[in-house]
Amino acid sequence: TRAQADTEEGARGRHATAERVLREGSRVVADDMVGKLFAPSAPEELRARWHAVMAATPPEGVAAALRAMAARPDSFGTLDLLARPVLVVAGEEDAITSVEDARRMAEAAEDGRLVTVPGAGHMVPVERPDALADALRRFLCGLPPLKR
């Protein structure tokens, strides 16, 4: 959900967290992330359900994901090379990928479009599935027909 690469400091932090997860378990990330994933108004039941999902994820998978995110390259150039319409959906209250970061992704694409979803954080598909479906429907219906 980001086009920019991690800073050196950010990558070091991800590697350190990966090592901690392998020592202490996935709950380390679940405890830290659940508060960042959802809008402040998200129901506690939703937060608890996703905390349980994250805490139950095998530590090896969490550590691998953290290491992969630390190594990801900057992808703004890739967005520009797509030469296709790009839809970026952002939660208006996302504490992980700001609306400004989402705007930069949309602007990097040749034909990028940004939709911000009110009342949603980072987990738009979970918090506001109907709003996401509506954004996707409008985007897809607005595309020109495929040439055969």
Side-chain angles (χ1 to χ4, degrees), residues 1-80 82 84-109 111-143:
T1 58
R2 293 174 51 162
Q4 66 264 34
D6 277 358
T7 63
E8 285 184 34
E9 179 182 344
R12 279 194 303 274
R14 286 192 199 277
H15 284 290
T17 302
E19 292 304 314
R20 187 170 171 217
V21 164
L22 291 173
R23 285 191 316 271
E24 301 174 30
S26 299
R27 183 171 291 280
V28 167
V29 171
D31 291 347
D32 181 54
M33 289 300 295
V34 77
K36 298 174 186 175
L37 290 174
F38 300 101
S41 60
E44 187 56 39
E45 176 186 312
L46 184 65
R47 294 171 191 275
R49 185 170 66 233
W50 280 90
H51 182 275
V53 168
M54 291 186 290
T57 302
E60 297 80 9
V62 174
L66 287 162
R67 289 182 183 127
M69 286 187 280
R72 71 177 149 209
D74 182 282
S75 299
F76 282 104
T78 303
L79 287 166
D80 185 45
L82 291 175
R84 298 286 185 270
V86 171
L87 175 65
V88 178
V89 179
E92 203 170 64
E93 300 178 53
D94 191 334
I96 296 172
T97 304
S98 70
V99 172
E100 185 52 40
D101 284 344
R103 181 174 287 109
R104 287 180 51 221
M105 285 188 279
E107 289 172 353
D111 184 9
R113 302 154 195 197
L114 172 65
V115 172
T116 57
V117 179
H122 194 67
M123 301 284 282
V124 173
V126 174
E127 287 182 275
R128 303 286 313 280
D130 291 344
L132 176 62
D134 184 55
L136 288 170
R137 188 178 305 106
R138 284 186 318 225
F139 175 74
L140 294 171
C141 289
L143 295 176

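All values reported here derive from a predicted model rather than from experimental measurement. No hydrogens, no waters, no symmetry mates; every other heavy atom, side chains included, goes into these values.
Taking each heavy atom of Ala55 and Ala30 in turn, the nearest pair found is N-CB, 3.7 Å. Taking all atoms of both residues into account, the shortest heavy-atom contact from Phe76 to Asp74 is N-OD1, 3.1 Å. The heavy-atom pair separating Val99 from Gly91 by the smallest distance is CG2-O, 3.7 Å. Contact between Thr7 and Gly10 at its shortest, heavy atoms only, is OG1-N, 2.9 Å. In terms of heavy atoms, Val117 sits closest to Ala131 at CG1-CB, 3.7 Å. Shown here for Pro58 and Ser26, the closest heavy-atom pair between the two residues is C-OG, 3.7 Å.
Within the model, atoms CZ of Arg104 and CG of Leu79 stand 10.5 Å from one another, a figure rounded to the nearest 0.5 Å. The NZ atom of Lys36 lies 12.0 Å from the OG1 atom of Thr97; values are rounded to the nearest 0.5 Å. If you take CG on Leu82 and OG on Ser75, they are separated by 10.0 Å, rounding to the nearest 0.5 Å. In this structure, CG in Asp94 is found 10.5 Å from CE in Met123, a value given to the nearest 0.5 Å. For the atom pair OG1 of Thr116 and CD of Glu93, the computed distance is 11.0 Å after rounding to the nearest 0.5 Å.
With sequence neighbours excluded, no residue satisfies side-chain hydrogen bond (donor to acceptor under 3.5 Å, both in side chains) with Glu107. Here Glu19 pairs with Arg67 under the side-chain hydrogen bond (donor to acceptor under 3.5 Å, both in side chains) rule; sequence neighbours left out.
Considering only heavy atoms from C-beta on, Met33 comes within 4.5 Å of Ile96 through its side chain. Between Arg113 and Val88, every side-chain heavy-atom pair lies at or beyond the 4.5 Å cut-off. At least one side-chain heavy atom of Leu87 sits under 4.5 Å from a side-chain heavy atom of Val89. In this structure, Val29 and Leu66 have side chains that are in contact, with non-hydrogen atoms separated by less than 4.5 Å. Residues Met105 and Val86 have side chains not in contact (no heavy-atom distance under 4.5 Å, counting atoms from C-beta outward). Between Met54 and Leu37, the closest side-chain pair of non-hydrogen atoms falls below 4.5 Å. Proximity of Arg72 to Gln4: side-chain heavy atoms (C-beta onward) are nowhere separated by under 4.5 Å.
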### Task
Could you please spell out the steps behind the salt bridge (charged side-chain N to carboxylate O under 4.0 Å, His left out) verdict for Arg103 and Glu100?
CA-CA 5 Å; Arg103 181 174 287 109; Glu100 185 52 40; 3.2 Å; yes

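Using a 4.0 Å cut-off between a side-chain N of Lys or Arg and a carboxylate O of Asp or Glu, Asp101 and Arg2 do not qualify as a salt bridge. Ion pairing of Arg128 with Asp130 is absent here, as no side-chain N (NZ or NE/NH1/NH2) approaches a carboxylate O to less than 4.0 Å. Look at Arg84 and Asp111 and you find no salt bridge, because none of the NZ, NE, NH1 or NH2 atoms lies under 4.0 Å from a carboxylate O.
Between the side chain of Thr57 and the backbone N or O of Val53, at least one donor-acceptor pair lies under 3.5 Å. With hydrogens and angles disregarded, no donor-acceptor distance shorter than 3.5 Å links the side chain of Glu127 to the backbone of Phe38.
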